Amino acid sequence: MDAKELIQRYAAGERDFTGIRIEGNGLDNSDLPGIILRDAMLYTINLRNANLESAVLDGARLDLADLEEINLEGASLVQVSLDETILSGANLYNADLRGAGLLEASLNDADLREANLEGATAFSAFFSHANLRGANMKGIDLTSGFLEGATLRGADLSQANLSYVRLNGCIYDSETIFDNCIFPPNPVESPRTLSSD
């Protein structure tokens, strides 16, 4: 299926596109709230500035995709693969990313408030200046990742692996949970020296 056909079928009222395969261009700036793309193959797809609010993408493959500024508010992305995907400036407020693959993904400046990232694998992922207020990050593996300037107020990082993570300028508060975290070996970048208020 190509992007044009998907848009036409969506406009005709179809919502369930489980298991489809689409690559490349044609879906940027599209308006597809509530679409079901479970287990879809969407490698290298361009969904920049698209609206997929409340969409279901559980198990989908979006590796190397361009999702910059996408709206995925309230979307279900359980076990989704987003390796090397661009999500800079994305709206992922209250999105469910449990067990997601985020290897080297870029989520700089993304809105991840109240998002569920429990058990996600995010080796070398970029969360610089992301808003992770109230996010569930239990057991996330952020080894060698980037959290510079990120907001972690009220986030739960219990059992998170923060080995070699860049934490400069992170903001946390008394409700941020770091129980049983693995911290960077450099004590200068441990939560004890991060910005708090």
Side-chain angles (χ1 to χ4, degrees), residues 1-127 130-132 135-143 145:
M1 183 186 301
D2 61 20
K4 183 177 179 181
E5 181 184 351
L6 183 147
I7 291 170
Q8 289 173 341
R9 287 167 61 174
Y10 182 92
E14 190 173 346
R15 293 293 179 269
D16 194 341
F17 297 89
T18 296
I20 66 161
R21 183 184 187 95
I22 299 177
E23 294 182 20
N25 298 320
L27 288 174
D28 51 312
N29 299 300
S30 55
D31 192 26
L32 304 166
I35 193 169
I36 299 170
L37 294 164
R38 188 180 287 111
D39 298 320
M41 298 297 172
L42 303 170
Y43 301 106
T44 72
I45 195 84
N46 181 355
L47 280 162
R48 182 185 290 231
N49 295 308
N51 177 21
L52 273 71
E53 183 176 352
S54 301
V56 178
L57 292 106
D58 299 343
R61 302 297 303 260
L62 292 107
D63 305 312
L64 299 166
D66 184 352
L67 309 183
E68 187 171 358
E69 302 286 344
I70 193 172
N71 179 12
L72 285 163
E73 181 175 336
S76 182
L77 298 120
V78 177
Q79 298 289 330
V80 71
S81 182
L82 294 160
D83 292 346
E84 298 183 61
T85 295
I86 299 169
L87 285 148
S88 300
N91 178 5
L92 288 152
Y93 173 73
N94 200 34
D96 189 348
L97 289 140
R98 284 174 295 156
L102 294 161
L103 176 68
E104 296 183 11
S106 176
L107 293 107
N108 295 332
D109 300 303
D111 183 354
L112 288 147
R113 289 172 299 146
E114 307 296 333
N116 190 345
L117 291 148
E118 184 170 358
T121 302
F123 300 138
S124 301
F126 296 82
F127 289 86
N131 190 344
L132 290 149
N136 177 4
M137 301 172 74
K138 292 179 182 177
I140 191 171
D141 192 338
L142 270 164
T143 301

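Numbers for residues simply follow the sequence, beginning at 1. Just so it is clear, the structure is predicted and the values come from calculations on it, not from any experiment.
- Checking L32, I70, N71 one by one against N51, the side chain to side chain contact (heavy atoms under 4.5 Å, CB included) holds for a single residue, N71.
- D28 places no side-chain N or O within donor-acceptor distance of the main-chain N or O of S30, the cut-off being under 3.5 Å.
- Distance check, rounded to the nearest 0.5 Å: CG of L117 to CG of L132 gives 7.0 Å.
- Under the rule for a salt bridge (Lys or Arg N to Asp or Glu O under 4.0 Å), the partners of D111 that lie at least two apart in sequence or sit in another chain are R113.
- At a threshold of 4.5 Å between non-hydrogen side-chain atoms, the residues T18 and I36 count as touching.
- We find the CG-CD1 distance between L42 and I20 to be 6.0 Å, quoted to the nearest 0.5 Å.
- For S106, the side chain to side chain donor-acceptor pair (under 3.5 Å) partners two or more places apart in sequence, or in a different chain, are S88.
- Applying the salt bridge (Lys or Arg N to Asp or Glu O under 4.0 Å) test to every pair with at least one member in residues 89-104, sequence neighbours left out, gives these pairs: D96-R98.
- At least one side-chain heavy atom of L107 sits less than 4.5 Å from a side-chain heavy atom of L102.
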Going through the distances and angles, do N91 and L72 end up as a side-chain contact (heavy atoms from CB on, under 4.5 Å)? CA-CA 6 Å; N91 178 5; L72 285 163; over 6 Å; no
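- Exactly one residue among N136, V78, L112, I140 makes a side chain to side chain contact (heavy atoms under 4.5 Å, CB included) with L97. That residue is L112.
- Within the model, atoms OG1 of T121 and CG of L82 stand 12.0 Å from one another, a figure rounded to the nearest 0.5 Å.
- Two residues are said to be in side-chain contact when any heavy atoms from C-beta on lie closer than 4.5 Å; R38 and F17 fail this criterion.
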Can you check side-chain contact (heavy atoms from CB on, under 4.5 Å) on L92 and L77, steps first, answer last? CA-CA 10 Å; L92 288 152; L77 298 120; 4.1 Å; yes
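- In this structure E5 satisfies the salt bridge (Lys or Arg N to Asp or Glu O under 4.0 Å) test together with R9, sequence neighbours excluded.
- To the nearest 0.5 Å, atoms NZ (K4) and CD1 (I22) are separated by 14.0 Å.
- A side chain to side chain donor-acceptor pair (under 3.5 Å) check over residues 75-86, counting only residues at least two apart or in different chains, returns the pairs D58-S76, R61-S81, D63-S81.
- D39 meets the side chain to side chain contact (heavy atoms under 4.5 Å, CB included) test with no other residue; sequence neighbours excluded.
- To the nearest 0.5 Å, atom CG of residue N25 and atom CG of residue D2 are 12.0 Å apart.
- N29 pairs by the side chain to side chain contact (heavy atoms under 4.5 Å, CB included) definition with N49, not counting sequence neighbours.
- Pairs engaging residues 67-80 under the salt bridge (Lys or Arg N to Asp or Glu O under 4.0 Å) rule: R48-E68 [sequence neighbours left out].
- Side-chain contact between L6 and L27 is present, with at least one heavy-atom pair separated by less than 4.5 Å.
- Screening residues 115-126 for salt bridge (Lys or Arg N to Asp or Glu O under 4.0 Å), with sequence neighbours left out, gives no hits.
- A search for side chain to side chain donor-acceptor pair (under 3.5 Å) contacts involving S54 returns nothing, not counting sequence neighbours.
- Evaluation of the ring pair (Phe, Tyr, Trp, His ring centres under 6.0 Å) test over residues 69-126, restricted to residues two or more places apart or in two chains, returns F126-F146.
- A 4.5 Å side-chain heavy-atom check between L47 and D66 finds every atom pair outside the cut-off.
- A55 is linked by a side chain to side chain contact (heavy atoms under 4.5 Å, CB included) to I35, L52, L57, counting only residues two or more places apart in sequence or in another chain.
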